[in-house]
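Read through the structure below, which is laid out as structure tokens, and then see the notes.
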Amino acid sequence: MSSREDCDSGELHPLKTWEELIEWKEPSVNSDEIVNVKKLCSRASHHPPTYPNTLICHDMKGGYLEDRFYKGCGNKDAYRFYRWSGIDMFVYFSHSLVTIPPPGWINTAHQHGVKVLGTFITEWDTGSAICKKMLASKDSVANCVSQLVKIASYHSFEGWLINIENEIDPEQIGLLKDFVQRLTLGMKEACPSAVVIWYDSVTIEGKLKWQNELNDLNRAFFDACNGIFLNYTWTDDHLKRSQEAAGERSSQVYVGLDVFGRNFYGGGKFNTFKAMEAARAHNLSAAIFAQGWTYETQDNFVEAENRLWDSLAPYLAHHGPQCLPFRTSFCQGFGEKCFLRGKIVRNDPWHNLSNQHYQPLWSQEGDAKLSLVTCDAFSGGGCLSLTTASTATVRLFVCGISWRLALLVSVCYKWQGPVVPFSLLLHLGPTTCTEDVATIKRILPLQCEKYSDKHMDDNAHAERCAEMESGSSKIEKNDKNDVAEPLLVVDTKENDWTVKSFIIKEVEGCELKQIDINLGGGSTLLIGELHISNQCIKGDPSS
């Protein structure tokens, strides 16, 4: 593990005692890394708003490892998470009283449109003593709520997981419900997108008795906040009863999924998807606990991580960028070196989650393989590698990007295999307020490497090219006159990387719904950067 000296300045710690919480004040000298935390970005999804959510609860060796350093550390192999496309909330968890998420986690989650929650936990005898102080009066409850709201506001995260794992004096249950309700309302006033979730532990009778379901013994707490995180030893019958008890709020019941598989449905580990399937069968959300099992226990973290999340992918509501400008180098927030515009500017290893760029949809069908390359990059510590054995199309992002006048799309790439036809495919569909969000009206190909006569000899390539040109592949036919063809405006080289930029005029009533990559043969392509922005077409009288 890195030491304090490995960090230029500043590190984050939890609050461990009642006194630390009540006496907490905003620092007189603010750290830039805290003040400049990224705001929560909006995001687009092709699933309906009622689709169940997915939360991950990050519990790793007590927390605050290398991630506690504001400016990162020198251990390039420190833990990272990069499968953000199917995640709705991220909880940073430890067994300290108040777990404050480090800024690196907040930054990378926020840029992917994922809400971040801290943890308020009391446990056993020490927790019981804290609860007696907190629930001594309405004033002590109000003071605790006020401090938690201030901490969340200062650190720019969206809410709290409340985990009371000790007996409560029955006479103080009313004040405990008041605490949950006050915290929920207080967070909502400070942050409209706030979420407070209750963990299934202590009951309305004050007993520490996990229910593994939503029922009359914990419903009062569920009703006072935004959801309940169920304990892990549930059965299908527990889930059925929870769905019935929740009614229209079924998506606010988060079924606990322990990846370590301790006394857990299906055994967890690489079978965690079986529990996810069971939760979704009852229209319930999922709370994936200790997803870092792949890092803590497996010899090959990346291989294990991809295996786990590929199995979960079919049950997730994937989302992607919605706002412009959008730029990503696909860097995961670490590197053996650091690159800028294709040149090495730092020659030593590093790790900083705040520098992670927007991540693609890593789960792919077929033989095409997406991976991260760190020995070369255009910007940051890595780039995206796409390897195909034959003609293939991969879905890079789902999105919901609207634009006016003209869209400028720039891609930076280089080859590690033979040059084959290469296009970005822009899927256009109606704006979400007018029609079904999944409808695709037209596909616009941005041809970076064109189909030559040699490639056109292959019928499969020729047919694919014709489909892209006509927009007739499983989409509604439109009059081609209503969409101007993409215009290549930049075609240059920069430090061995090819940079190409295209302009697409506004398509009335449509937005960009999905971005694919198509390779017209077997090869390996490195994508160093993708940049999308809204630009006026200078000198064009039609604009």
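We use all heavy atoms of the structure for the numbers below, so side chains are in, but hydrogens, waters and symmetry mates are not.
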Could you walk me through whether W403 and E511 pass the side chain to side chain donor-acceptor pair (under 3.5 Å) check? CA-CA 7 Å; W403 76 96; E511 64 184 16; over 6 Å; no
For a side-chain contact (heavy atoms from CB on, under 4.5 Å) check, start with the C-alpha distance between V116 and M89, then their side-chain angles and the critical distance, and finish with the verdict. CA-CA 6 Å; V116 179; M89 277 183 277; over 6 Å; no
Tell me, with the steps shown, if K414 and D376 meet salt bridge (charged side-chain N to carboxylate O under 4.0 Å, His left out). CA-CA 10 Å; K414 68 165 55 173; D376 197 1; 2.9 Å; yes
Could you go through the salt bridge (charged side-chain N to carboxylate O under 4.0 Å, His left out) check for R80 and D67 one step at a time? CA-CA 9 Å; R80 65 190 186 277; D67 55 5; over 6 Å; no
Please evaluate residues Y199 and N231 with respect to the criterion side chain to side chain donor-acceptor pair (under 3.5 Å), reporting the C-alpha separation (whole Å), side-chain torsions for both, the decisive distance (0.1 Å), and the verdict. CA-CA 7 Å; Y199 182 69; N231 189 49; 2.7 Å; yes
Could you walk me through whether W350 and N75 pass the side-chain contact (heavy atoms from CB on, under 4.5 Å) test, one step at a time? CA-CA 6 Å; W350 61 277; N75 179 11; over 6 Å; no
Determine, stepwise, if the pair S423 / N518 fulfils side chain to side chain donor-acceptor pair (under 3.5 Å). CA-CA 5 Å; S423 294; N518 175 260; 5.3 Å; no
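Cation-pi geometry between R249 and F222 is met: the NZ or CZ atom falls under 6.0 Å from the ring centre, inside 45° of the normal.
Not less than 6.0 angstrom separates the ring centroid of H531 from the ring centroid of F326. Taking the centre of each ring, F273 and Y315 stay at or above the 6.0 Å mark. Ring-centre distance between H58 and F289: not below the 6.0 Å cut-off. With ring centers used as reference points, Y92 lies under 6.0 Å from Y64. For W105 and F90, the ring centers are positioned less than 6.0 Å apart. Taking the six-membered ring wherever Trp is involved, the centroid distance between the rings of Y82 and W362 falls below 6.0 Å.
Between N352 and Y70, the side chains place no donor N or O within less than 3.5 Å of an acceptor N or O (distance only, hydrogens not considered). If you check the side chains of Q322 and S42, you find a donor sitting under 3.5 Å from an acceptor.
Atom NZ of K369 is surrounded by 12 or fewer heavy atoms from other residues, nucleotides or ligands within 6.0 Å. Heavy atoms from other residues, nucleotides or ligands lying under 6.0 Å from CG of N36 number more than 12. Enclosure of atom CZ in R307 is not indicated, since only 12 or fewer non-hydrogen atoms of other residues, nucleotides or ligands lie within 6.0 angstrom. Around CD of E494, the count of heavy atoms belonging to other residues, nucleotides or ligands within 6.0 Å exceeds 12.
Using a distance-only test at 3.5 Å, with no hydrogens or angles considered, no donor-acceptor pair links the side chain of E336 to the main chain of P349. Counting only distance, with no hydrogens or angles, the side chain of Q111 and the backbone of C41 share no donor-acceptor pair below 3.5 Å.
Listed here is the closest heavy atom pair of P14 and S96: CG-OG, 3.4 Å. Between V37 and S156, the closest heavy-atom pair is CG1-CB, 3.9 Å. Residues E158 and C191 share a closest heavy-atom pair of CG-SG, 4.1 Å. Shortest non-hydrogen contact noted between A275 and Y265 is CA-CD2, 3.7 Å. Among all heavy-atom pairs drawn from K337 and F339, the shortest one is CB-CE1, 4.0 Å. Of all the heavy atoms in L519 and W415, the pair that sits closest is CD2-CH2, 4.1 Å.
The existence of a salt bridge linking R83 and E305 is excluded, since no basic side-chain nitrogen approaches an acidic carboxylate oxygen closer than 4.0 Å. One finds no salt bridge joining D32 and K71 here, because no Lys/Arg side-chain nitrogen approaches an Asp/Glu carboxylate oxygen to under 4.0 Å.
For the pairing with L396, the side-chain contact (heavy atoms from CB on, under 4.5 Å) check across L384, L425, L386, D516 returns one residue only, L384.
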